Each structure stands twice: as structure tokens, then as C-alpha cells.
Amino acid sequence: MNQITLTKPDDWHLHFRDGEMLPETVPATARCFQRAIVMPNLVPPVTNKAQALAYKSRILAATENTEFSPLMTLYLTNDTTPADIKEAVSPDIPAAKLYPAGATTNSESAVDGIEALYPVFETMSEVGMLLLIHGEVTSADVDIFDREKRFIDQHLSQIHARFPDLKIVFEHITTADAADFVLSSSENMAATITPQHLLLNRNDLLVGGVRPHNYCLPVLKRNTHQQRLREVVASGSHKFFLGTDSAPHSKHTKENACGCAGCYSAWGAIELYAQVFDDLGALDKLEGFASHYGPDFYDLERNSSTITLVRELWQLPDEITLPSGDNIVPFYAGQQLNWKLSDKM
């Protein structure tokens with residue numbers, strides 16, 4: 001097979017950042033995705049309707065692609081109220097994001113004491129707003145490689161049991177424990193999976209020296225977990241769909257003594273996934289994962305347009321230069337991919 005045509009896909013989890021990043025990050029995503037769920041962890045965070053819609057306007061101003069539609073999210077804090085949810089929920093703002101405090105980049109304002117948000121979850125369930133969860137505990141006594149499993153046991157299983165009608169997306173899962181939990185849960189539980197967690201494991205982060213551009217949170221896990229994620233996407237299960245967690249950082253903030261977490265995958269996102277599914281002998285499952293299961297879970301129409309990928313070797317750039325002169329090193333920088341988005345769309 002040398003060509004694949006897919007219903008135009010969506011990215012159900014990414015970071016655009018703000019300011020000078022937007023003219024780079026938004027077009028890079030809009031080149032192949034029609035919709036994107038935009039994470040709200042700016043500084044300050046996007047915590048209400050007005051902030052979300054203002055951010056959406058800045059995103060739209062950064063691309064000439066009039067078909068591209070950013071879907072906004074609220075950043076949940078201990079100050080979030082049921083009234084905030086009722087005011088915000090709309091086609092423009094279909095979801096809210098739960099970050100445990102300290103779990104990832106710009107999560108310092110996030111939730112400390114998840115049970116305090118149960119009234120908010122109840123309202124979200126009633127009005128149909130989805131709950132997106134970064135599923136890790138952040139206690140210092142828990143090994144970083146065990147944080148996802150501990151979150152399932154301590155929090156996620158209880159939230160799902162307490163609010164069975166609440167639609168939950170377990171974001172960027174990294175472990176067999178998470179995959180199996182999602183599979184064993186009701187139809188109101190689904191998960192996104194990133195290209196880095198399908199392509200890499202912790203050896204790719206640590207063997208031969210620390211590789212800061214492969215550092216993300218949740219951190220890469222051992223290869224047995226990677227293989228389980230590859231198994232579930234190859235199975236064609238509708239409970240798993242595309243979410244890149246594309247997260248740009250300037251090169252100097254990645255390559256320092258306390259490097260930032262995040263992989264900027266937008267430049268080759270759909271091509272990276274195609275490579276995974278091709279390697280797995282499951283190209284026939286790519287369209288469901290990339291184009292169907294996300295909108296189905298969000299109760300949205302599937303896109304009507306298509307994209308075409310062709311089997312063609314090409315190389316991701318080593319660096320991308322921003323107008324400020326700062327550089328971003330993209331995920332898989334300098335490496336070759338076997339699939340390329342066709343310019344004949």
C-alpha cells in the first residue's frame with residue numbers, strides 16, 4: 001500500500017502556548033487536523049469562559065485556514081465553581097481539564113485535593129461537559145514511573161464510580177495499567193495516546209545519556225508498557241483515539257539543568273502515527289483512531305473532508321526558528337519518516 005486516504009483527523013489533546021508561539025504552532029497543526037482540543041495551562045491559566053474565548057480568538061488569528069476549529073477547555077482549580085461550568089459549557093468549550101498540582105508544565109495553579117471538586121464534577125455530568133484528566137499523583141514518596149497506576153487506584157476509579165454519567169478522557173496514557181483500566185470501564189471512559197508513547201520507551205530517554213527532547217510528562221515508561229499501548233491501538237478499540245500532547249518549548253529551556261517536559265510533534269503528527277500503524281501491520285485501523293473515535297466520544301459529527309498520506313521518505317527538520325530567534329527542536333528531529341501528507345488535498 002503506497003497511499004492512504006483518511007477522513008480528516010482531529011487532535012484531541014495539544015498545547016499551542018501563546019504569543020509568538022502561535023504563528024508557528026497553529027499552522028503546524030491546522031495543516032492536517034480540522035479540530036483540536038486546546039490545553040488551558042497558560043500563565044495565567046484559562047479558568048473561565050471569557051479567557052477561553054479570548055484565547056480562541058488569538059489562535060484563529062494565527063492561521064489562514066478558515067476550516068480549522070480550536071475547541072477550548074477550562075483549567076480546573078480549587079476555586080472553580082459549578083456556576084463557572086454552567087456559564088462556560090458550549091460547542092466552543094466542550095471540556096475542562098484536571099491537572100493535579102505540580103503534575104506538569106504550568107500546573108502550579110492546579111487542583112490540590114481532588115475530592116473538593118466533586119460538586120464541579122457533578123455539574124459537569126449534568127450539563128454534558130467532558131472531564132479531561134492528567135492522571136498522575138504528585139506525592140514525593142511515589143516513584144515517577146508508578147504515578148499513573150497510583151492515580152488510577154486512588155482517584156480515577158473513585159471518580160468514575162461516583163459519577164458514572166460523566167464522560168472522562170484519560171489523557172496521554174502511558175501504561176498497560178491505564179489501557180486495561182479504560183478497557184474494563186464503561187463507555188463513558190476513553191483515552192488519548194501520543195506518538196511518543198507509541199514510538200518510544202524509557203530507554204529512548206535515558207540510554208546513552210539523557211535525551212531532553214524525548215522528556216515528557218507523563219514520563220516514558222518501560223517497553224512492556226509501550227508494547228501494550230501499541231497492542232490496543234492495533235486492536236481497533238474505539239476507546240482509544242489520537243491526542244498528540246504536542247507541547248513546544250524553546251531549545252534552551254529543554255537543554256538546561258532543569259529541562260522542560262514536552263515533545264513538539266505537530267510537524268509530523270499524522271505521519272508519525274501512520275508509521276506506528278504501518279509498523280504494526282494495522283494501517284486499516286488508523287482512520288478509526290485518528291478520525292472517528294474522538295468525535296464519536298465527544299458527540300460531534302465526523303469531519304466530511306479527507307487527507308491523503310503517501311508512502312514517501314522525508315526528513316523532519318533539526319530545528320525550527322521562531323521570529324524572536326529562539327529555536328524549537330521538534331519531536332523526531334532529523335529523522336526520516338516513511339509517510340508524508342500529500343499536498344494534493
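Worth knowing before you read on, the calculation uses all heavy atoms, side chains too, and leaves out hydrogens, waters and symmetry mates. For reference, positions follow the sequence shown, starting with 1. On a predicted model such as this, the values are computed, not experimentally measured, just so you know.
- Using modelled atom types and a 3.5 Å distance limit, the side chains of Lys221 and Thr174 yield a donor-acceptor pair.
- Side-chain contact of Glu187 with His238: a donor-acceptor pair under 3.5 Å is present, judged by distance alone.
- Interatomic distance, CG of Leu309 versus OG of Ser342, reported as 8.5 Å (0.5 Å rounding).
- Ser250 places no side-chain N or O within 3.5 Å of a backbone atom of His252 that could act as its donor or acceptor partner.
- For the residue pair Glu231/Ser235, the side-chain donor-acceptor check at 3.5 Å is not satisfied.
- With sequence neighbours excluded, no residue satisfies ring-ring contact (aromatic ring centres under 6.0 Å, His included) with Phe68.
- Remark: the backbone N or O of Phe240 is not paired with any side-chain donor or acceptor of Ser237 at under 3.5 angstrom.
- Side chains of Glu67 and Ser305: a donor-acceptor N/O pair is absent below 3.5 angstrom, by distance only.
- A salt bridge is absent between Asp84 and Lys49: the closest approach of a Lys/Arg side-chain nitrogen to an acidic carboxylate oxygen does not fall below 4.0 angstrom.
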Can you list the steps and then say if Glu319 with Lys251 is a salt bridge (Lys or Arg N to Asp or Glu O under 4.0 Å)?
CA-CA 9 Å; Glu319 295 184 2; Lys251 180 179 179 180; 2.5 Å; yes
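- Side-chain contact between His13 and His172: present, with at least one pair of heavy atoms (C-beta onward) separated by less than 4.5 Å.
- Ala266 approaches Ser246 most closely through the heavy-atom pair N-OG, 3.2 Å.
- When atom types are taken as modelled, the side chain of Asp279 and the backbone of Val276 share no donor-acceptor pair closer than 3.5 angstrom.
- Side-chain atoms of Glu87 never come within 3.5 Å of backbone atoms of Ala83 as a donor-acceptor pair (strictly under, hydrogens ignored).
- A side chain to side chain donor-acceptor pair (under 3.5 Å) check over residues 115-131, counting only residues at least two apart or in different chains, returns nothing.
- Pairing each heavy atom of Met72 with each of Ile59, the nearest pair is CE-CD1, 3.8 Å.
- Side-chain N/O atoms of Asn203 and Asn223 include no donor and acceptor closer than 3.5 Å.
- Checked by atom type, the side-chain pair His197/Thr194 shows a donor-acceptor distance below 3.5 Å.
- His160 and Ser186 are linked by a side-chain donor-acceptor pair at a separation below 3.5 angstrom, with hydrogens and angles left out of the test.
- The main-chain N or O of Asn338 is found under 3.5 Å from a side-chain atom of Gln275 such that the two form a donor-acceptor pair.
- Looking at every heavy atom in both residues, Leu272 comes nearest to Pro195 through CB-CB, 4.1 Å.
- For Thr63 (side chain) and Leu60 (main-chain N/O), no donor-acceptor pair under 3.5 Å exists by modelled atom type.
- Counting only N and O atoms by type, the side chains of Asn303 and Arg35 include a donor and acceptor under 3.5 Å apart.
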Does the side-chain hydrogen bond (donor to acceptor under 3.5 Å, both in side chains) test come out yes or no for Ser265 and Gln196, once each step is laid out?
CA-CA 8 Å; Ser265 58; Gln196 62 264 28; 4.7 Å; no
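- Checking Gln227 against His225 by side-chain atom types alone, no donor-acceptor pair falls below 3.5 Å.
- Remark: side-chain polar atoms of Thr80 are not paired, donor with acceptor, to backbone N or O of Asn78 under 3.5 angstrom.
- When each of Thr175, Asp204, Asn201 is checked for a side-chain hydrogen bond (donor to acceptor under 3.5 Å, both in side chains) with Gln226, only Asn201 meets the rule.
- Panel note: side chain Asp278, backbone Ala274; no donor-acceptor pair is recorded below 3.5 Å.
- Minimum heavy-atom separation, Cys216 to Cys263: CB-SG, 4.0 Å.
- With Phe289 as the partner, the ring-ring contact (aromatic ring centres under 6.0 Å, His included) test is satisfied by one option alone out of Tyr273, Phe241, Trp12: Tyr273.
- Here the side chains of Ile37 and Leu14 are not in contact, with every heavy-atom distance at 4.5 Å or above.
- Applying the 6.0 Å contact sphere to CZ of Arg150 captures no more than 12 heavy atoms from other residues, nucleotides or ligands.
- Judged by distance alone, the side chain of Thr192 and the main-chain N or O of Gly243 form no donor-acceptor pair under 3.5 Å.
- Between the Lys254 side chain and the Cys260 main chain, a donor and an acceptor come within less than 3.5 Å of each other.
- Heavy atoms of other residues, nucleotides or ligands lying less than 6.0 angstrom from CZ of Arg58 number more than 12.
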List the steps, then state whether salt bridge (Lys or Arg N to Asp or Glu O under 4.0 Å) holds for Asp143 with Arg147.
CA-CA 6 Å; Asp143 188 290; Arg147 288 180 173 184; over 6 Å; no
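- Applying the 6.0 Å contact sphere to CD of Glu64 captures no more than 12 heavy atoms from other residues, nucleotides or ligands.
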Report the C-alpha separation of Asp177 and Arg228 in whole Å, then their side-chain angles, then the decisive distance to 0.1 Å, and conclude whether the salt bridge (Lys or Arg N to Asp or Glu O under 4.0 Å) test is met.
CA-CA 9 Å; Asp177 308 280; Arg228 182 62 179 136; over 6 Å; no
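- At a cut-off of 3.5 Å, with distance as the only test, a side-chain donor of Thr321 or Asn327 sits close to an acceptor on the other residue.
- Residues Asp245 and His15 bring a donor and an acceptor atom of their side chains to less than 3.5 Å of each other.
- Judged by distance alone, the side chains of Thr5 and Thr308 do bring a donor and an acceptor atom under 3.5 Å apart.
- Taking the side chain as every heavy atom from C-beta outward, His134 and Tyr99 approach each other to under 4.5 Å.
- Counting only N and O atoms by type, the side chains of Glu24 and Trp267 include a donor and acceptor under 3.5 Å apart.
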